[in-house]
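The structure under discussion appears below in the form of structure tokens.
Just so we're on the same page: letters track the sequence lines, and every chain starts at 1.
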Protein chains: 2
Amino acid sequence: MIFRGRFEYTIDLKGRVNIPAPFRDRLQESAQGSFFLTNFSDCLYAFAADDWARIEERLSRVPSTDRKMNAFVRFFLGGAVEVVPDKQGRILVPPSLRSYAGLEKEVVILGMPNRFEIWSLARWQEEIGRFEKEVHEDLGLAREISALGI
Amino acid sequence: MIFRGRFEYTIDLKGRVNIPAPFRDRLQESAQGSFFLTNFSDCLYAFAADDWARIEERLSRVPSTDRKMNAFVRFFLGGAVEVVPDKQGRILVPPSLRSYAGLEKEVVILGMPNRFEIWSLARWQEEIGRFEKEVHEDLGLAREISALGI
DNA sequence: GGTAATTGTGGGGAAAGGTGGGTAACGGTC
DNA sequence: GACCGTTACCCACCTTTCCCCACAATTACC
């Protein structure tokens, strides 16, 4: 499932964040509106139920003797929670995830292929700043982008 | 059975640790809430009764002539206890396991495929620190992760 | 342009979850 | 058999979460 768009919200004192209405509608169709949230690359990743099931299936095949990959599973699956938006369309972000992603007040939600992401506004701006710099400096990156037909 | 999520608790003076409510519910369905606990990789591994039965079955097939594997069985099975959460949802961690995993005050419980793990907070932070460093330095690891479709 | 519906934010109250402690049963030791 | 430390089973308290309701702001529609 692909998600599109950028949305800005504020996280309230109880740690609740609104989920974009169009995303909620899409998720409603697949799994009664519930989805999965976990920590990765300085933000939170959100997956629809069926995409998440596929991921879990692969995670459970990681051999427990592979030290590095096990550390990853610990981190990724350990961060995971199933969430269901309340009647107002908000979810409660667990404290551990909130602190990982640095969510305090202003929050950005971004559509992505197969997932959407929840960022602290400040961090997201830094990330975008870095990208804009690199796109001008890194020729390989520019070439990769144009190869996408953009 | 797959477990997910990360939970932080404090171990009290009597050596009791809370078990996450969602895990307790899952375990309730399979085996009246009891599960098995043992020592491994600097933390404690917890298995649901039916998964544990499968493990024991395999352990019993280890030939007694295999010196190295026998040492493992001694360690792994020797550490094992069956525990049942009390009415408040806590278990008593035996002193030997407590000291093996370095559990003193703050404790983290992590969901994993087929098991969950009990860590000392400090040790888990080290473990995660190592992982985050490796993910940036080790291109092969990064590639393995993206191969999971994440 | 006015009205209705949708969307986002805040807060109150009930329920659940987590923590600490007291006391009685149990088990091992001298 | 008495004593001591450990474990099991309660009860009580506090914090967090869940489920409402209310309202402001924006958008859609006639």
Strand-adjacent residues in residues 96-108 of chain A, judged by heavy atoms under 4.0 Å from DNA chain C: none

Value in whole Å for how far the C1' atom of dG12(C) lies from CG of D86(A): 14 Å

Residues that F7(B) engages under ring-ring contact (aromatic ring centres under 6.0 Å, His included), provided they are two or more places apart: F23(B)

Listed partners of A21(A) passing side-chain contact (heavy atoms from CB on, under 4.5 Å), at least two apart: R24(A)

Cluster link W119(A) to L97(A), ILVMFWY, side chain under 4.5 Å: no

Sidechain-backbone polar pair: N18(B) side chain, T10(B) backbone, donor-acceptor under 3.5 Å: no

Shared hydrophobic cluster, F35(A) / L92(A) (ILVMFWY, side-chain heavy atoms < 4.5 Å): no

Distance, rounded to the nearest Å, where Q88(A) contributes CD and dG8(C) contributes C1': 9 Å

Main-chain N/O of Y45(B) paired with R115(B) side-chain donor or acceptor, under 3.5 Å: no

Partner set under side chain to side chain donor-acceptor pair (under 3.5 Å) for R4(A), not counting sequence neighbours: none

Touch class at under 4.0 angstrom, heavy-atom based, for D12(A) against every strand present: sugar-phosphate

For E104(A), all residues meeting side chain to side chain donor-acceptor pair (under 3.5 Å), sequence neighbours excluded: none

Distance, rounded to the nearest Å, where R90(A) contributes CZ and dG10(C) contributes P: 9 Å

Contacts of type side chain to side chain donor-acceptor pair (under 3.5 Å), residue R123(A), not counting sequence neighbours: none

Outermost DNA chain D nucleotides near chain A [under 4.0 Å, heavy atoms]: dT17(D) to dA22(D)

Nucleotide dT9(C), atom P - distance to CZ of R16(A) in whole Å: 11 Å

Length of the CZ-C1' vector between F23(A) and dT7(C), whole Å: 15 Å

Could you list, one pair per line, each protein nitrogen or oxygen that sits under 3.5 Å from a nitrogen or oxygen of nucleotides 13-16 of chain C, together with the distance?
none

Separation of dT9(C) P from L13(A) CG (nearest whole Å): 13 Å

Y9(A) side-chain proximity, nearest of dT9(C), dG20(C), dG11(C): dT9(C)

side-chain contact (heavy atoms from CB on, under 4.5 Å) involving A80(B) - partner list, sequence neighbours excluded: T38(B), W52(B)

Electrostatic pair E127(B):R130(B) at N-O distance under 4.0 angstrom: yes

Name every donor-acceptor pair, under 3.5 Å, that has one atom in a side chain of residues 142-150 of chain A and the other anywhere in the protein, sequence neighbours excluded.
residue: S146(A); atom: OG; partner: R143(A); partner atom: O; Å: 3.1

Path from V81(A) to I91(A) over hydrophobic side-chain contacts below 4.5 Å: yes

Residues forming a side-chain contact (heavy atoms from CB on, under 4.5 Å) with D25(B), sequence neighbours excluded: none

Spacing between K87(A) atom NZ and dT6(C) atom P, to the nearest angstrom: 14 Å

Overall bend - the helix from dG1(C)-dC30(D) to dC30(C)-dG1(D), comparing terminal axes fitted on five pairs, nearest 10 degrees: 30°

Nearest-Å distance for atom pair CZ/P, residues F7(B) and dG18(C): 8 Å

